[in-house]
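Quick note on labels: first sequence line is chain A, next is B, and so on, each numbered from 1.
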There are 2 protein chains.
Amino acid sequence: MTVTEPKTHSEGVYASLRAELLGGAFEPGSKLRLAGIGSRYGVSLSVVREAMTRLAGEGLVQALPQRGFCVAPLSVEDLLDLTRARVLIETAVLRESIGQGGLDWESAVIAAHHTLQRTPYTTSEGHLGGDWSVAHHAFHKALLTGAKSPRLESIATELRDCSLLYQHWSIDIAHDLDRDVAAEHRTIAELAVARDADGAVKALTDHLERTTAALLAYAKSNTESGRGIGISA
Amino acid sequence: MTVTEPKTHSEGVYASLRAELLGGAFEPGSKLRLAGIGSRYGVSLSVVREAMTRLAGEGLVQALPQRGFCVAPLSVEDLLDLTRARVLIETAVLRESIGQGGLDWESAVIAAHHTLQRTPYTTSEGHLGGDWSVAHHAFHKALLTGAKSPRLESIATELRDCSLLYQHWSIDIAHDLDRDVAAEHRTIAELAVARDADGAVKALTDHLERTTAALLAYAKSNTESGRGIGISA
DNA sequence: AAGTTAAATAAAATCGAAATTTTCTTGCTT
DNA sequence: AAGCAAGAAAATTTCGATTTTATTTAACTT
């Protein structure tokens, strides 16, 4: 698997910065100084600016006119809205997938699920593994490819990327949650392939809402104990 | 009604360019030369570039690495995908609105519909009036505000803006279509306020699909007669 | 001491030019 | 004449510096 060479400098910085953001390298809401990032990547302000503008369009960073850019600020309110939007859109697209997806889609879902199943959730150090995140993302993406709608897929992907920012709230407690995430994925995959639209939609909804609930529970405990980071409201 | 002063130069060019694009000032797929636009607005390339990057994020223009930007190319395939996405998302959000919208939402829908009803569809010269477009946009937006979901609203708005690019395919035949657009709007508004979710969703779906069908019919006739403009495939 | 104003500092936004890359043109070969 | 190659022109991308705006610091007043 070779990484495609970025055609332009700006493209490269955009991709790197995006990966850093989604990897939780920056604190939510924190200021992103153009000069610092520019010198870190060895490029001029213009290219950092363009990358930032693109990221702002995706909602990963926020543009503050005349005051630069900051990492998208997280809030309970936004997480709830985001989850609602994801449930609405992803379930609708999943229905389309189940209705229109062909054998290629079924195979892709099964393959993606198999990969996810076999990828360790945590690294040897107990942290959330990057490989698992990639496999998880690929699995959810595969579920929606049956709809054969580039627009819907990209919207769903964009929303999921936004919610990735929230995953880093609870990176430490992720593995002692009182639920079986692997089983949830298996259920979704099985019902989808079995063309049980209502069942699959229900399972996907539960999956998304449970994840959000776990995040909120963690955010609450953190806020109460005064260790809350970057959570407004 | 005062237009808010743009905080930054780039912001202003972005807004102006956006309005031109949605107003059909440029031919779909045509090249947008940065230097030309820059001198026209009296700004340097940097600010045009930033505006373009933002517009590319919205899908109104397309970024071609190392080759600049062009107006989003239109195609039958994309129009069908776009319509499908709009139906899926707008109907889902409309359901939420009907389910959760309060009296303020009802009032906003009725007000927006009233404005739309009283705004002439064509100007004295027989062209599609800008006022009507604004009122039309506001009406569809009002339908979705009851859901109280900033994310869903902005996604729906973005998609509708994209489809505005297609409206200029048929600007001339717009008024001799064999359908009553005003009646369609009235039906949607009435069913929505009456909290008839299934009925309103059906009416909205019909409205969107009829508009697309009319555009496709026009595009087909244009292509056959060799007068097609910027329609690939 | 708290609040306000004014200077100094830092950062962002913009510019004009240099460096690349693409595109067009011209001349050459088959 | 058609196809190809080399050079010229044009356009995009990037840079470094200037200008403008926001933020911080310091001094001053109430």
Side-chain angles (χ1 to χ4, degrees), chain A residues 3-21 25-73 230 232, chain B residues 3-21 25-73 230 232:
Chain A
V3 176
T4 54
E5 191 73 14
K7 286 221 165 50
T8 180
H9 235 156
S10 184
E11 190 109 7
V13 173
Y14 159 75
S16 304
L17 222 37
R18 189 172 198 283
E20 285 199 82
L21 244 0
F26 305 107
E27 187 167 325
S30 66
K31 198 118 207 341
L32 292 164
R33 269 179 230 77
L34 297 176
I37 294 168
S39 64
R40 188 148 64 78
Y41 282 105
V43 296
S44 115
L45 299 193
S46 322
V47 336
V48 181
R49 224 183 141 63
E50 177 159 341
M52 287 292 180
T53 303
R54 285 180 69 175
L55 293 167
E58 296 178 36
L60 263 27
V61 314
Q62 202 174 26
L64 309 160
Q66 222 69 278
R67 288 172 37 178
F69 301 85
C70 66
V71 182
S232 50
Chain B
V3 176
T4 55
E5 190 74 16
K7 288 220 163 52
T8 180
H9 236 154
S10 182
E11 191 109 6
V13 172
Y14 160 75
S16 304
L17 222 36
R18 190 172 198 282
E20 286 198 83
L21 244 0
F26 305 108
E27 188 166 326
S30 65
K31 199 119 204 338
L32 292 164
R33 267 179 232 78
L34 297 175
I37 294 169
S39 65
R40 187 149 64 80
Y41 283 105
V43 296
S44 112
L45 298 194
S46 322
V47 335
V48 180
R49 220 181 145 66
E50 178 160 339
M52 287 292 180
T53 303
R54 285 180 70 176
L55 293 167
E58 296 179 34
L60 263 27
V61 314
Q62 201 174 25
L64 311 160
Q66 223 68 279
R67 290 171 38 176
F69 301 85
C70 67
V71 182
S232 50

>> Using the side-chain hydrogen bond (donor to acceptor under 3.5 Å, both in side chains) criterion, which residues pair with B/Ser44? Sequence neighbours excluded.
In response: B/Ser46

> For B/Lys7, does the NZ atom sit with more than 12 other heavy atoms under 6.0 Å from it, leaving out its own atoms?
Replying inline: no

> First contact, last contact: which nucleotides of DNA chain C are these for chain B, 5' to 3', heavy-atom distance under 4.0 Å?
Replying inline: C/dA13 to C/dT23

> Under the side-chain hydrogen bond (donor to acceptor under 3.5 Å, both in side chains) test, which residues partner A/Glu11, sequence neighbours left out?
Replying inline: none

>> Can you pull out the residues from residues 13-20 of chain A that lie within a 4.0 Å heavy-atom distance of DNA chain D?
In response: none

> What residues, two or more places apart in sequence or in another chain, satisfy side chain to side chain contact (heavy atoms under 4.5 Å, CB included) together with A/Gln66?
Replying inline: none

> What pairs with A/Leu45 under side chain to side chain contact (heavy atoms under 4.5 Å, CB included), at least two apart in sequence or on another chain?
Replying inline: A/Leu34, A/Ala35

> Can you name the side chain to side chain contact (heavy atoms under 4.5 Å, CB included) partners of B/Thr53, sequence neighbours left out?
Replying inline: A/Glu50, A/Thr53, A/Arg54, B/Phe69

> Excluding sequence neighbours, so at least two apart, what forms side-chain hydrogen bond (donor to acceptor under 3.5 Å, both in side chains) with B/Arg40?
Replying inline: B/Glu20

>> Tell me which pairs pass salt bridge (charged side-chain N to carboxylate O under 4.0 Å, His left out) where either residue lies in residues 60-69 of chain B, with sequence neighbours left out.
In response: none

>> By the definition side chain to side chain contact (heavy atoms under 4.5 Å, CB included), identify the one residue from B/Val71, B/Val61, B/Leu32 that meets it with B/Leu55.
In response: B/Val61

Polar atom pairs between nucleotides 12-16 of chain D and protein, under 3.5 Å, N or O only, would you list them?
residue: D/dT12; atom: OP2; partner: B/Leu34; partner atom: N; Å: 3.4
residue: D/dT12; atom: O3'; partner: B/Gly68; partner atom: N; Å: 3.4
residue: D/dT13; atom: OP1; partner: B/Gln66; partner atom: N; Å: 2.9
residue: D/dT13; atom: OP2; partner: B/Arg49; partner atom: NH1; Å: 2.2
residue: D/dT13; atom: OP2; partner: B/Arg49; partner atom: NH2; Å: 3.2
residue: D/dT13; atom: O5'; partner: B/Arg49; partner atom: NH2; Å: 3.3
residue: D/dT13; atom: O3'; partner: A/Thr8; partner atom: OG1; Å: 3.1
residue: D/dT14; atom: OP1; partner: A/Thr8; partner atom: OG1; Å: 2.7
residue: D/dT14; atom: OP1; partner: A/His9; partner atom: N; Å: 2.3
residue: D/dT14; atom: OP1; partner: A/Ser10; partner atom: N; Å: 3.2
residue: D/dT14; atom: OP2; partner: A/Thr8; partner atom: OG1; Å: 3.3
residue: D/dC15; atom: OP2; partner: A/Ser44; partner atom: N; Å: 2.7
residue: D/dC15; atom: N4; partner: A/Ser46; partner atom: OG; Å: 3.3

> Partners of A/Val13 by side chain to side chain contact (heavy atoms under 4.5 Å, CB included), sequence neighbours excluded?
Replying inline: A/Leu17, A/Tyr41, A/Val43, A/Val47, A/Ala51

